[in-house]
Amino acid sequence: MEQSDAHLLPYARRPDFHVGRATELTGRARVWYRVFEIIPGLASWGTLIGVIVLSIYFPFFAAYFVIGFALYWLLKTAFLSFHLRHNWKRLRHHLSLDWQVLASRFDYGHIHHVILLPFYKEPQEVIAATMASLAAVKYDCSRIIVVLATEERAGSEAQVIAAAMKAQYADTFGEILITTHPAAVPGELAGKGSNASYAAEEVRTKVLDARGIRYDETLVSIFDIDTVLYPDYLNCLIWHFFTARHPLKSSYQPVPIFNNNIWNAPAISRVVAMSSTFWEMVQQERPERMATFSSHSVSFQALYEVGYWQRNMVSEDSRIYWNLLLANDGKYNVVPLSYPVSMDANAAPTLFKTIGQIYRQHRRWTYGVENLCYILHHFRYQTAIPLGKRITIALRQAEGYWSLVTNPIMLFILGWTPIFLGGQDFHQTVLSYNLPIIVRDLLILAMFGLVVSSMISLTLLPPRPKEAGRWRYIVLALQWIMVPATMIIFSAIPGLDAQTRLMLGKYMGFWVTPKVRIKETS
Amino acid sequence: MPFEPQVKPLSLLRRKILLWFLMTFFVLALPIFIFYATGYRYNFWADVPTITATGGIYITSTLPDASIHVNEEVITNARTFRNATYLQGLDAGVHRIHVQSPGAETWVKELTVLAHIVTEVESFNMPRIPQVRPVTPYSNSDGLPVVIVPSTTTVPFAFASSSVEFVATTSRATSSLSMNREYARVAALFSDKASTTALRARLMAEIASTTARFGPAATTSTSTLALLQSATTTIVSDDVMLFEAGGEVYVKALGSRRTVPLYFCAVAQAVIQQTEAAAASKKTPTNPTEIAEVIEFAPGDLERECRTTIRIDRKWQSVVDFMFMPNDTNLVLMQLTDGLYVVEVDDRSWQNVQLLYPGSNLSILTDSGRIYASSTEGVVEVYTEIPSL
């Protein structure tokens, strides 16, 4: 492992730059970091309990708040729907373009692509599908360096799979490198971040340095092992790289569409997966709010300057963006590609197991709230970023994690607490009778957005397999009626779970989502 | 082919314009929603548009096809729940409400509606033609109840409508008939009741001979009192007590102020008078935004007078028997000299009294949610609704 930090940006040389949790700090910094870890859970629980207490002691104010919140939700839904529809248009337009032609005006023959594929114990068929899609991209594969990043703790099976893939595609790509991340490295949290960082350093020394490839001419794309590329992904990436204002100070974010197994996954999994896609599509139209998520691309130089992904925390995919933002004094951004990559929807052999997996996956995703603590901690020190920008970013992130947890619960459950807890004096009022009617009517209006979602989701589907009847389209359209339930069960509750764990200091580890390809049954 | 995509990202300006538009809409719309939710209405159609503070009425009704009329106008835009209707936007003051349904008695009430307050009331509509189901000792091989009549010209239950087919016969040969277990059970219940009633009557006579008053007297023997208690006419159900005193029937609320039915706690008379006076003398505002003069009360300020006892209207007849309607302590089954009546406890404006089953010399009882009446014609189960076909 690299010992010198001369290559790191000045801010990235701080000993706390890669802090993962309060226990890694000492003194007042540790106390402050612990406070930041408590704030999200406290705010969320305080809000939920506060609504209940308000309903008991001040039911009229609670009722006004509920009405205001329902109206806010309706308008927010309309606002986000507007962004979603525009990005959908852009996505479809981007899919229709020949990016090879668009990129041809740039001289990009010198650019190398490192495709980083960390995996654990995923079955061979998952990895094979990813490799096959990679081999089929409309790009000069000799400029592609594939890194199969295995884990020592995964055992020999992973090595066998990696070796098989290397043997199969040895002549396809410029290089296939197999790395084996050692187990139980002190200070590391076993997971994708530590594996990817190890692999990145390996590729640097064994491939880039060995071949004299410049870091600023290398784009790293880190993909989940189930990521299936669309043929023009790399061309689309190249075009955006060359048209970005600051290409080496930008990350490139595709839209994750969970289409690999969409026809076989249960309805609840499809709804949750597509909801995640829609959220990312909305964010693509609000780039100033974006952080990286899941599969994304970034220049190797930028990565190297911050010491790669963090090895000691869970949500390394979004943390890397915050690392880059801080290390570059706020002059770093995300470029939305509005181009898809296809991944697996969560699916297990039984529905019950699928539900459990979705819950755990979303709990891991919403554990990204640990980034808020990181941001608040470093915003105290990183004064090169204008104060206004720091405040704006902090408030946006805080609001995002707070609303993720509280909004669905307040809307669909707590909206009725003034009626039940408000007492007889409140119960006999016109306000008490009108409250559920008005809230319900507003929510029904907001749910019209689901019609838009349903229509968009149908257009993003892959071709229907022969064994799936046409009636499946009806199911796929109607499944969106589950959204109120999925918002609570797979968004709000896991989010609250994650925030509560952080608040109580019960730090989470990295949970690997099992990837299974379920065969369609007639 | 152009060298860049034709569909551009949303511009920051467009997004900001949309955001500001929606925020402005929120700021302007929220007070309107809250005012509407609390009962304020803007009368567009008035000669001079006004903002009025209105109230509401929540009417429960067991009939799905009942039509509700307020001040003789049928209501078509009410929020209908499963068994209830919520009317809002009613001006403060007295409103006449009637609920009617084809084939059923009409329920009528006058209620005072206060601004921002919902007045709850329960309506009921008994069938105009009594609906019965004969409960006979025997049934034939087809399972039809067999009614034994004294002569071939006798039409049993002629004044009622039977929900089931039955066979009327003068023959008393029952060997080919099946015995009806329900009849045996109900007959036993009537027999128990008769002996209890007889006991009570004897005890009352004994007491009356010593005290000349209804109620136990100091000189009455302990054993007589104990027997009387076992034959009591007091019925308690769901924190509400139904009892007889001085020849009148009363309902008494036993629970706390929070649980007592709302009609026990009428708004203070002074408040009602103020509301009615203000509604009657509403000035026509000259300013379109002037709020019409009406008395508004914050709910906590309402002067509520709670009674604990309500007398049940017996139509100036003697009360033979009384009990709560099955599963509903807001209604009382009263057997008067000319029949069985349903009377509501809610005495706001008046108590609706509706005939359920006519006849003298009846005996009535309730069992497992059913109402049975026994007369010289036989035993019937009496329905409170017109059975659906």
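Proximity to chain B is limited to the side chain of A:L442, based on heavy atoms less than 4.5 angstrom apart. Looking at A:L435, there are no atoms closer than 4.5 Å to chain B (heavy atoms on both sides), in backbone or side chain. Heavy-atom distances place no part of A:R92 under 4.5 Å from chain B, backbone and side chain included. Of the two parts of A:T243, neither the backbone nor the side chain holds a non-hydrogen atom closer than 4.5 Å to a non-hydrogen atom of chain B. Contacts between B:Y36 and chain A at a heavy-atom distance below 4.5 Å involve backbone atoms as well as side-chain atoms.
Contact between B:A37 and A:I67 at its shortest, heavy atoms only, is CB-CD1, 3.6 Å. The nearest pair of heavy atoms linking B:L30 to A:G68 is CD1-CA, 3.3 Å. Pairing each heavy atom of A:V430 with each of B:T54, the nearest pair is CG2-O, 4.0 Å. Listed here is the closest heavy atom pair of B:V7 and A:H94: O-NE2, 4.3 Å. Residue A:H86 comes nearest to B:P9 through the heavy atom pair NE2-C, 3.8 Å, listed as atom of the first residue, atom of the second, then distance. In this structure, A:L431 and B:T38 approach most closely via the heavy-atom pair CD1-CG2, 4.0 Å.
Enclosure of atom CZ in A:F58 is not indicated, since only 12 or fewer non-hydrogen atoms of other residues, nucleotides or ligands lie within 6.0 angstrom. Open room surrounds NZ on A:K331; 12 or fewer heavy atoms of other groups in view lie less than 6.0 Å from it. The number of heavy-atom neighbours closer than 6.0 Å to CZ of B:F25, taken from other residues, nucleotides and ligands shown, is 12 or below. Heavy-atom contacts from other residues, nucleotides or ligands closer than 6.0 Å to NZ of A:K249 number more than 12. With a 6.0 Å radius and a threshold of 12 heavy atoms from other residues, nucleotides or ligands, B:D65 has its CG atom above the threshold. Counting heavy-atom neighbours within 6.0 Å of B:R14 CZ, excluding the residue itself, gives a total of 12 or less.
With sequence neighbours left out, the ring pair (Phe, Tyr, Trp, His ring centres under 6.0 Å) criterion links A:H83 to A:F79. Listed by chain and number, the residues in a ring pair (Phe, Tyr, Trp, His ring centres under 6.0 Å) with A:H93 amount to none (sequence neighbours excluded).
Distance check: A:H427 NE2 to B:Y58 OH gives 8.0 Å after rounding to the nearest 0.5 Å. Note that the CD atom of A:Q428 and the CG atom of B:L114 stand 8.5 Å from one another [nearest 0.5 Å]. Atom CD1 in B:I34 sits 11.5 Å away from atom CZ in A:F65 (nearest 0.5 Å). Here the CD atom belonging to A:E288 is positioned 6.0 Å from the CG atom belonging to B:L12, to the nearest 0.5 angstrom. We find the CG-NE2 distance between A:N434 and B:H116 to be 12.0 Å, quoted to the nearest 0.5 Å.
At a cut-off of 3.5 Å, with distance as the only test, a side-chain donor of A:Y433 or B:E120 sits close to an acceptor on the other residue.
Between A:K76 and B:F26 the shortest side-chain heavy-atom distance does not fall below 4.5 Å. Using a 4.5 Å heavy-atom threshold, the side chains of A:S432 and B:V118 count as separate. Inter-residue side-chain proximity for B:P5 and A:W99 is flagged as met; some heavy-atom pair is nearer than 4.5 Å.
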### Query
After noting the C-alpha distance and the side-chain angles of B:M23 and A:Y72, does the key distance pass the side chain to side chain contact (heavy atoms under 4.5 Å, CB included) rule?
CA-CA 9 Å; B:M23 282 170 61; A:Y72 156 79; over 6 Å; no
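Between B:K8 and A:E285, none of the side-chain N atoms (NZ, or NE/NH1/NH2) sits under 4.0 Å from a carboxylate O, so this pair counts as no salt bridge.
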